[in-house]
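In what follows, a structure is listed as structure tokens, so that the remarks can point back to it.
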Amino acid sequence: VDAPGRTAARYTTQVILPALQWIKTGLKESDLQATELRAKNLSGVDVLVGKDGSGKLFCVGNLCPHIGTPMSEGADVIGDVIVCPLHGSSFNVTTGELIDWCVSPPI
């Protein structure tokens, strides 16, 4: 039996939008540059629509699972990773995989 990783935390749209249906954002693909993020409220859910470093579109929840910090308040996109502006917890924007987790409370 494989042991679980450091944590089972995932940053995923499956929890955020369980219906997994297409929802119009009001944005065109050309409205965003690579690594740019836009906060939107879609069907009552706060999300970030953005592009990764190669220009591929993604949509993730706007709240970091670490403490609930709004990612729209300065998150960075580096390649295909989004980094929380408060403590640096980071997640793959495609899979939700945890890249780096900050275990400390806010300072």
Side-chain angles (χ1 to χ4, degrees):
V1 175
D2 289 334
R6 292 180 288 176
T7 179
R10 285 205 176 264
Y11 189 57
T12 176
T13 56
Q14 290 179 336
V15 173
I16 298 162
L17 301 170
L20 294 178
Q21 61 185 341
W22 290 104
I23 301 170
K24 292 184 178 184
T25 64
L27 294 171
K28 296 177 186 173
E29 186 174 3
S30 60
D31 290 342
L32 296 169
Q33 301 298 314
T35 72
E36 186 177 356
L37 298 167
R38 296 268 181 98
K40 300 296 270 180
N41 185 289
L42 304 179
S43 299
V45 178
D46 290 325
V47 298
L48 281 180
V49 178
K51 284 187 177 179
D52 67 14
S54 65
K56 183 178 175 184
L57 284 169
F58 66 87
C59 182
V60 296
N62 190 22
L63 298 180
C64 178
H66 175 219
I67 296 182
T69 302
M71 300 288 267
S72 58
E73 299 293 323
D76 287 321
V77 178
I78 303 167
D80 63 353
V81 173
I82 189 167
V83 181
C84 176
L86 185 60
H87 287 111
S89 294
S90 57
F91 307 87
N92 181 290
V93 298
T94 304
T95 66
E97 178 185 2
L98 174 67
I99 305 299
D100 192 24
W101 185 255
C102 176
V103 296
S104 66
I107 300 172

Donor-acceptor pairs are to be reported for all side-chain atoms of residues 67-75 against protein atoms at under 3.5 Å, with residues two or more places apart or in another chain.
{"residue": "S72", "atom": "OG", "partner": "N62", "partner atom": "OD1", "Å": "3.4"}
{"residue": "S72", "atom": "OG", "partner": "N62", "partner atom": "ND2", "Å": "3.2"}

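- In this structure, CG in D80 is found 6.0 Å from CG in D52, a value given to the nearest 0.5 Å.
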Query raised in the report: Checking side chain to side chain contact (heavy atoms under 4.5 Å, CB included) for the pair D46/L63: CA distance, chi angles, key distance, verdict?
Result: CA-CA 8 Å; D46 290 325; L63 298 180; 5.8 Å; no
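- The structure places OG of S89 at 11.5 Å from CD1 of I99, a figure rounded to the nearest 0.5 Å.
- Scanning both residues, F91 and G96, for their nearest heavy atoms gives CD2-O, 4.0 Å.
- Of the inter-residue distances, the one linking K40 atom NZ with I23 atom CD1 reads 12.5 Å to the nearest 0.5 angstrom.
- Scanning all heavy atoms of the two residues, the minimum distance from G26 to D31 falls at O-OD2, 4.4 Å.
- A donor-acceptor contact shorter than 3.5 Å is absent between the side chain of R38 and the backbone of T25.
- Considering all non-hydrogen atoms of both residues, V60 and I82 come closest at CG2-CD1, 4.2 Å.
- Across every non-hydrogen atom of E29 and K51, the tightest pair is O-NZ, 2.9 Å.
- Listed for the T35 side chain is no donor-acceptor partner under 3.5 Å among the backbone atoms of V77.
- The CH2 atom of W101 sits 9.5 Å away from atom SG of C84, with the distance rounded to the nearest 0.5 Å.
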